[in-house]
Amino acid sequence: MGLGTVDIVLLVLSLLASAAIGMYYGVKGRRSTPLEYLLGGRSMNPLPLAMSMMVGTVSAVTIMGNAGEMYAYGTQLWIMDAGIMLGLFIVAKIFIPILYPLKMVSLFQYVEDRFKSKRLRQATVLLQLLGGYMFIGFLLYPPSIALKAFIGLPISSNIIIIGVACTLYSAVGGVKAVVYTDVLQSLVMVAGVLAIVIQGSMAHGGLDNIIDVAYHKGRIELFNMSLDPYQRYSFWLCMILGFFFALGTYGVNQSQTQRCFSTGSVRESQWVLYYAAIGMVVLRGLINLSGLVMFAQYEHCDPLTATKVPLDSAFIAVIYVTQELTKIPGLAGLFVAAVYAAVLSSVSTQLNSMTALLWEDFLKNLTYFRNWSDVKVGGLQKVIVLATGVLGIVLGLAVSQMGRSFLRTVLAINGAIAGPLIGLFLVAVYLPWVGYKGASSGFMVSVILNVILAAGQVSMPKAPYLPLSRDGCPALNATTTNTTTTTITNTTLLTTTSTVTITLPSTITTSATTLASGVTATQTPGAWLFGMSDCLNSVWGSLLCVLVAIIVTTFTGPNTPEDVDEKLIAPKSWQFFQRSLNQQVNEFLDTKLLNKKKRPTTNGNNQPSVTDPLNNPNLTDETKENEV
């Protein structure tokens with residue numbers, strides 16, 4: 001059963017509303033300055049910026065991927081949200097008070113100011129752009145799969161349609177169009193996910209019954225305190241994942257810091273993060289809960305394991321919505337609109353931020369553009385958005401041919417890119433002794449290691465799902481007139497009691513490589529390194545960057561207070577930095593290790609040294625008068 005008339009109407013209205021907002025701000029700001037186009041003139045309200053920040057990171061990958069993780073692996077990943085909250089607090093209290101007063105457009109101007117190196121700044125920008133383009137590709141792929149199942153359009157057509165839609169309104173309206181469209185889309189996303197939770201709760205006699213089913217089937221797990229780094233999730237792994245995700249996404253990523261820079265003060269920038277934290281707890285919580293709803297529905301007849309190679313867990317959302325939400329007119333359309341909203345908001349955020357980086361970090365200072373008027377620069381920025389959108393569409397088409405588990409791949413790539421950037425900014429903020437040579441060495445080494453690590457992890461066998469049952473499925477040879485036929489890669493599944501046909505792409509079966517034939521992750525070549533949880537990728541990159549920076553600085557020599565601008569350093573670190581290194585070491589040894597206290601300087605008779613020039617017999621009368 002595909003989308004009905006009411007579903008299609010809701011979907012079309014959602015898309016038209018997004019386009020209308022973009023066109024409105026495009027006409028209203030057709031003569032806006034580059035600062036207004038990229039930052040809204042630094043005068044935007046924190047609440048809509050926070051809503052934009054929320055949906056800019058809760059993408060279609062999150063909606064489909066997190067729900068699938070809850071379904072297949074249990075609720076341990078939910079702890080990631082606690083780590084995100086902690087990371088957001090650190091960004092608000094430490095990073096924003098240092099970064100906002102610099103009045104930057106590009107976040108990476110801070111890198112140049114701190115290390116006095118344009119090359120290092122451009123290297124960090126290139127890494128951010130590489131990650132942004134790849135992210136757009138992964139953002140466009142998941143909703144295209146869903147739309148293929150719902151309306152029958154090929155995946156490539158869906159990618160092109162979605163890419164063109166968000167590219168156009170992002171190019172025309174600038175940051176205000178992106179932000180206020182995100183406000184609308186955040187409401188659509190909440191409504192779409194809430195539709196699953198409410199419908200599922202009603203179908204199963206209440207939310208308490210759904211939780212009860214998940215508990216008795218081993219899906220409720222929040223406090224696995226194991227320290228094993230080779231397991232998929234644990235309490236500590238998820239806390240680390242969430243914490244470093246927040247640092248990498250909201251602290252050292254242009255797409256989100258640009259939201260903070262669009263307000264009028266440090267305090268308002270901090271409130272953007274606080275509001276976004278509240279919204280993410282609610283939205284991500286609903287998404288996670290929807291995964292438990294799906295598990296309760298397929299408790300006795302799982303559709304993922306019906307094929308020889310299990311489907312990727314993210315596709316459970318497509319199957320559920322097609323089979324269950326289509327029974328009530330409008331609900332399926334609401335969910336599809338939510339998926340559309342998620343990808344439009346995330347992609348438009350990336351387009352806007354990458355345009356800011358390309359202009360501020362590469363084009364702005366070229367001789368050819370120096371004398372351009374604001375109107376001409378604004379036109380050029382729109383062209384950059386269009387070109388970026390085209391490239392994103394091409395990458396989306398490439399990703400659709402990979403057939404990998406996109407949530408796992410996105411997390412691995414995000415960790416590989418975020419780790420070195422987090423490490424570099426930690427060095428910049430907290431280690432004023434480290435100069436360009438140490439920072440650049442640490443950054444480059446950590447980038448190389450993290451890229452190798454991410455590539456190896458993506459190729460590793462996927463962890464098997466928690467137990468899924470098919471004991472309650474109708475027999476394949478059953479002859480009834482009211483069975484469901486779900487076509488997945490030429491395999492017929494008999495699942496529920498209404499007729500539904502879903503045709504998913506054949507490539508999705510390759511995304512769920514099993515550990516068959518007795519092969520385990522630890523037996524795979526390179527598993528000692530690549531078999532570690534990808535939750536730790538950002539940690540390794542950050543630590544390696546910091547350690548290499550310190551080691552190189554030891555050999556090349558540290559900065560002095562005259563080499564560094566005080567406003568670029570954390571206040572406590574600057575106070576420590578002002579005293580000489582020898583003095584700091586001696587004070588540490590005396591006060592911390594030897595428990596000594598400072599004593600007044602004494603002469604040979606154990607009497608306090610004379611410091612009063614009038615009572616110093618070694619000075620002449622003339623010297624005494626001068627000293628006084």
Side-chain angles (χ1 to χ4, degrees), residues 3-25 47-67 139-140 142-147 149-151 158 161-170 173 176-200 259 275-276 278-290 293 317-318 320-322 325-326 328-351:
L3 297 181
T5 303
V6 177
D7 300 313
I8 294 174
V9 168
L10 287 174
L11 176 59
V12 171
L13 287 177
S14 173
L15 296 177
L16 289 177
S18 297
I21 293 173
M23 295 302 297
Y24 170 77
Y25 281 101
L47 185 57
L49 286 169
M51 297 177 73
S52 175
M53 179 177 286
M54 176 186 72
V55 299
T57 53
V58 179
S59 63
V61 174
T62 310
I63 292 178
M64 297 173 64
N66 276 37
L139 290 172
L140 291 173
S144 301
I145 297 172
L147 291 173
F150 294 130
I151 59 180
N158 290 324
I161 291 171
I162 299 171
V164 169
C166 56
T167 298
L168 288 177
Y169 79 72
S170 300
K176 288 187 177 181
V178 172
V179 168
Y180 288 108
T181 303
D182 286 349
V183 171
L184 169 66
Q185 290 164 351
S186 66
L187 300 176
V188 174
M189 289 169 64
V190 170
V193 179
L194 195 59
I196 293 180
V197 175
I198 294 176
Q199 183 273 341
R259 300 290 176 267
Y275 289 146
I278 297 172
M280 278 188 289
V281 167
V282 174
L283 181 55
R284 290 174 65 91
L286 288 174
I287 293 170
N288 293 338
L289 195 57
S290 71
V293 169
V318 178
Y320 180 86
V321 170
T322 307
L325 292 195
T326 50
I328 302 175
L331 290 189
L334 198 58
F335 178 81
V336 176
V339 173
Y340 247 122
V343 69
L344 289 174
S345 61
S346 298
V347 172
S348 62
T349 297
Q350 293 296 322
L351 294 175

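Because the structure is a prediction, the values reported are computed rather than measured.
- Here the closest heavy-atom approach between residue Val179 and residue Pro48 is recorded as CG1-O, 3.6 Å.
- Shown here are the side-chain contact (heavy atoms from CB on, under 4.5 Å) partners of Ile278, two or more places apart in sequence or in another chain: there are none.
- With sequence neighbours excluded, the residues satisfying side-chain contact (heavy atoms from CB on, under 4.5 Å) with Val282 are Leu286.
- Looking at heavy atoms from C-beta onward, Met189 lies out of side-chain contact with Val193 at the 4.5 angstrom threshold.
- Residues Pro329 and Asp7 approach most closely at C-OD1, 4.0 Å, considering heavy atoms.
- For the pair Gly330 and Val6, the tightest heavy-atom approach, listed with the atom from each and the gap, is CA-CG1, 3.7 Å.
- Using modelled atom types, one side-chain atom of Ser144 and one backbone atom of Leu140 make a donor-acceptor pair closer than 3.5 Å.
- A donor-acceptor pair under 3.5 Å links the side-chain atoms of Ser290 to the main chain of Ile287, judged by distance alone.
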Test side-chain contact (heavy atoms from CB on, under 4.5 Å) on Ile8 and Val12; report intermediate values, then the result. CA-CA 6 Å; Ile8 294 174; Val12 171; 4.1 Å; yes
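- With rounding to the nearest 0.5 Å, the separation of CG in Asn288 from CG in Leu283 is 9.5 Å.
- When all heavy atoms of Phe335 and Leu325 are compared, the pair lying nearest together is CB-CD1, 4.1 Å.
- To the nearest 0.5 Å, the span separating CG on Leu187 from CG on Leu194 amounts to 12.0 Å.
- Side-chain atoms of Ser186 come within 3.5 Å of backbone N or O of Val183 as a donor-acceptor pair.
- With sequence neighbours excluded, the residues that form a side-chain contact (heavy atoms from CB on, under 4.5 Å) with Val293 are Ile196, Ile210, Tyr320.
- For Ser346, the side-chain contact (heavy atoms from CB on, under 4.5 Å) partners are Ser59, Leu139, not counting sequence neighbours.
- Looking at Thr167 and Leu351, their side chains come closer than 4.5 Å, going by heavy atoms from C-beta outward.
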Donor-acceptor contacts under 3.5 Å from residues 50-58 side chains, at least two apart:
{"from": "Ser52", "atom 1": "OG", "to": "Asp182", "atom 2": "OD2", "distance (Å)": "2.6"}
{"from": "Ser52", "atom 1": "OG", "to": "Arg259", "atom 2": "NE", "distance (Å)": "3.0"}
{"from": "Thr57", "atom 1": "OG1", "to": "Met53", "atom 2": "O", "distance (Å)": "3.3"}
{"from": "Thr57", "atom 1": "OG1", "to": "Met54", "atom 2": "O", "distance (Å)": "3.2"}
{"from": "Thr57", "atom 1": "OG1", "to": "Tyr250", "atom 2": "OH", "distance (Å)": "2.8"}

